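Structure first, commentary second.
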Amino acid sequence: MQLAIPVYEWIEACNDRAFLEQSSARAPPSPFMSLPLEIHRMIFSYLGDYADVFCLSLVDLYFWRIGRAVLMYEVLSVLCPLANRALICVGDETSTEPPDYPAGLLTPDEVEELQAGLDSDDDDGEDDESCTYNRPENLYHLAAARYNYIARYIFSTFPELYFSPIAKIPGPKLAALTSWYEFYYDVIKPGQFVWHIKDLHEQYGPILRITPWEIHINDPDFLDEIYAPSFCNREKYSFQTRTLKVPMSMGGTIKHDLHRKRREALDPFFSKKSVTVLESMIRHKVNQLCELMEDHSKQEIVVSLSDVYFAFANDVVSHYSFGHDNNLLGNEIKSSTQRNNISRLLLEVKVINVFHGSLMRALNMVAFSDNIRSEIQQALSDKDRVNDGEKRSIFYELRDNPTLPQSEKELSRLEQEGTLLVMAGTESTAKSMAIAHFHLLSNPEDMSKLRAELQTVPKTASWTQLEQLTYLNGVIAEGNRLPFGVMGRVCRIAPNEALKYKGHVIPPGTPPERWTGSEGVARRKYQMVFNKGGRNCIGMNLAHAEMFLALAAMARFDMTLSETDFSDVEFQHDFHVAYPKLDSKGVRARVQAKAVEA
């Protein structure tokens, strides 16, 4: 068959990134846009559905050229082999019985052969080379179904726009039609959908439809209704579990009752009493942190507070979980590598949420899970508790818990539980401490107030004693507020009740002083850094113990910021957690003197 245009030559040119980017008005660089061309092509091939290929192609000219090549190749791969062949035009749901064919058109042998081809097509079998018609193609599928993805897309999405139970909720129509609206702002921009939602609220009001299935409410007084106590049934959307691929963990559990069962098994380990019992382990790590600061002071070299707080938090949560840690605090290079690895994963979290299968493998984040699996396997096989810590550790106790069914103790499930505990217990706590320390160093008056208050307690003051310090409490609260905690939308579904907000029915299915005094106490109910309700962060007490003990000790060192400014801690991008500028190297400082004596 002769083609009027050199289609295959054009498709071949799409292997050249320079050709694809030629004259392309692209969005500002982002982690997703800077991925290799091979990854972008793989994403298009992963989509499969023509509607999704078409929508992604509309992002910019670069993606349009890739998507058009994919669509043309798929169509031509079907049409070209049919050149010079005998074709029969038939309708959908075809049979070999009249009236689909005029009586007498086909011989009995041809009817039998044609039926075999149709049966093969229905079974998605391989082409039957002995068939004269080579699995005769239904031209409805060739001419219509191959190009009717737009019509199907319209007919499948417009009911969402006009007949959905939340159709009357205000918001942009495109957001109500497709999740690609969010994709543009979170992947292409990148990480800007959170700011766009803020702009939309200014345009549409306090309640807003931001995706075909999500409602966003900008009213802190409605928090307790959405994030209700554990006795109220609140569930998650299944797509929320894609992000880190830990759907069997407590945090990834969708159903209310199962989440409550898993939560109840873990709650005793994270009570204030349990954390206090393990305070000596945390203090040991605080002392190691102080020794590291003294070493940096003697050597007069810059310390990455982001790296050392990451190592500190990782060692604490690992010891708490597995009975021992890998002394990440003793290896700053390894700590920096691991922090950067986690950062790279989080930078792609929005992409993973859409292309979670193939892209997760492409990013090769298997090593982290393998390490957790090894720790869980060791705990499950260590029947004599040889490797257990001096105090009880989480996964040894879960293994021996008589109330949990065996299915809850399987390696695969506990691996996911451990992955989430270590990641959440490291990243969020470390970021809060680093940002709080940055602001103390940036505002000498605040540091002076804190040091003056610390003079009122012994240098070895316990967590309980430190909690009584008003200004330190404000510093910790502000340290929690500024990093924003988990920025990814923590959606809740009330499956058994209709929530009402200002006439709308939602059907079932920054200085430290701001936190002191009576007004400060009232403000705390609006803090979402640890979430709220029956699904709030289980590690809140452990994080607070780390922050109180570590920041009180680190505040005694004289430091100055080094090549670090506000842009290194300012919230600019939402990658499940708040991120500053994309090229930030973290919070860095020079330690100028030893610790101030109490």
Side-chain angles (χ1 to χ4, degrees), residues 227 236 240-254 259 262-263 265-267 269-271 274-275 278 282 306 309-322 325-326 328 335 338-349 352-353 365 368-369 371-373 375-376 393-395 398 413-435 476 479-491 527-547 550 574-579:
Y227 303 100
K236 285 186 174 183
Q240 285 188 284
T241 65
R242 295 178 185 173
T243 307
L244 297 176
K245 294 187 74 67
V246 286
M248 291 190 289
S249 68
M250 179 194 68
T253 305
I254 296 172
H259 172 270
R262 290 172 174 171
R263 173 82 184 222
L266 285 171
D267 267 337
F269 305 108
F270 291 96
S271 68
S274 294
V275 174
L278 285 168
I282 302 174
S306 295
Y309 279 131
F310 180 92
F312 169 78
N314 184 268
D315 281 352
V316 170
V317 74
S318 295
H319 198 291
Y320 206 78
S321 298
F322 309 120
D325 62 76
N326 295 318
L328 194 59
S335 171
Q338 289 198 14
R339 184 178 74 85
N340 288 328
N341 285 344
I342 296 297
S343 292
R344 280 195 292 270
L345 171 62
L346 292 173
L347 283 172
E348 299 298 343
V349 76
I352 293 170
N353 200 37
M365 293 305 299
F368 180 80
S369 295
N371 183 56
I372 299 296
R373 172 179 281 264
E375 293 284 3
I376 302 294
S393 52
I394 293 174
F395 289 95
L398 287 180
R413 199 201 79 77
L414 293 182
E415 174 192 343
Q416 294 189 21
E417 198 75 84
T419 298
L420 188 59
L421 281 175
V422 172
M423 286 191 68
T426 300
E427 174 67 21
S428 298
T429 308
K431 185 162 288 187
S432 291
M433 290 188 286
I435 291 180
I476 300 299
N480 284 328
R481 183 187 72 85
L482 290 171
F484 293 92
V486 175
M487 279 305 306
R489 296 193 305 280
V490 281
C491 306
Q527 268 215 342
M528 284 291 291
V529 64
F530 294 109
N531 213 321
K532 292 176 73 71
R535 289 178 179 255
N536 70 334
C537 176
I538 196 170
M540 178 171 58
N541 289 319
L542 180 61
H544 273 155
E546 293 177 63
M547 292 181 69
D574 166 22
F575 295 118
H576 199 64
V577 296
Y579 259 71

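Everything numeric here is computed off the predicted structure, so don't read it as measured data.
No donor-acceptor distance shorter than 3.5 angstrom exists from the side chain of Asp325 to the backbone of Ser318, with no hydrogens or angles considered.
Side-chain contact between Lys431 and Phe310 is absent, with no heavy-atom pair separated by less than 4.5 Å. In this structure, the side chains of Phe269 and Leu398 come closer than 4.5 Å at one or more pairs of heavy atoms. Put simply, the side chain of Ile394 reaches to within 4.5 Å of the side chain of Leu266, judged on heavy atoms. With a 4.5 Å cut-off on side-chain heavy atoms, His544 and Ile476 count as touching. Side-chain contact between Leu278 and Val316: absent, with no pair of heavy atoms (C-beta onward) separated by less than 4.5 Å. Here the side chains of Glu375 and Asn326 are in contact, with some heavy-atom distance below 4.5 Å.
Taking the six-membered ring wherever Trp is involved, the centroid distance between the rings of Phe270 and Tyr320 falls below 6.0 Å.
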I'd like to know whether Met250 forms a side chain to side chain contact (heavy atoms under 4.5 Å, CB included) with Leu420, so could you lay out the CA-CA distance, the side-chain angles of the two residues, the decisive distance to 0.1 Å, and finally the verdict.
CA-CA 9 Å; Met250 179 194 68; Leu420 188 59; over 6 Å; no
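With rounding to the nearest 0.5 angstrom, the OG1 atom of Thr419 is 9.0 Å from the CG atom of Asn371. The line from CD of Gln338 to OG of Ser343 is 11.5 Å long, rounded to the nearest 0.5 Å. From Met423, atom CE reaches atom CG of Asn314 across 10.5 Å, with rounding to the nearest 0.5 Å.
Considering every non-hydrogen atom in both Ile372 and Val422, the closest pair reads CD1-CG2, 3.8 Å. Closest approach of Ser249 to Arg262, counting heavy atoms only: O-NH1, 3.7 Å. Annotation for Thr426 and Ala313: closest pair O-CB, 3.8 Å, computed over non-hydrogen atoms. Across all their heavy atoms, Ser271 and Asn541 have their closest contact at C-ND2, 3.7 Å. Residues Met248 and Arg413 approach most closely at O-NH1, 2.9 Å, considering heavy atoms. Met433 approaches Glu546 most closely through the heavy-atom pair SD-O, 4.1 Å.
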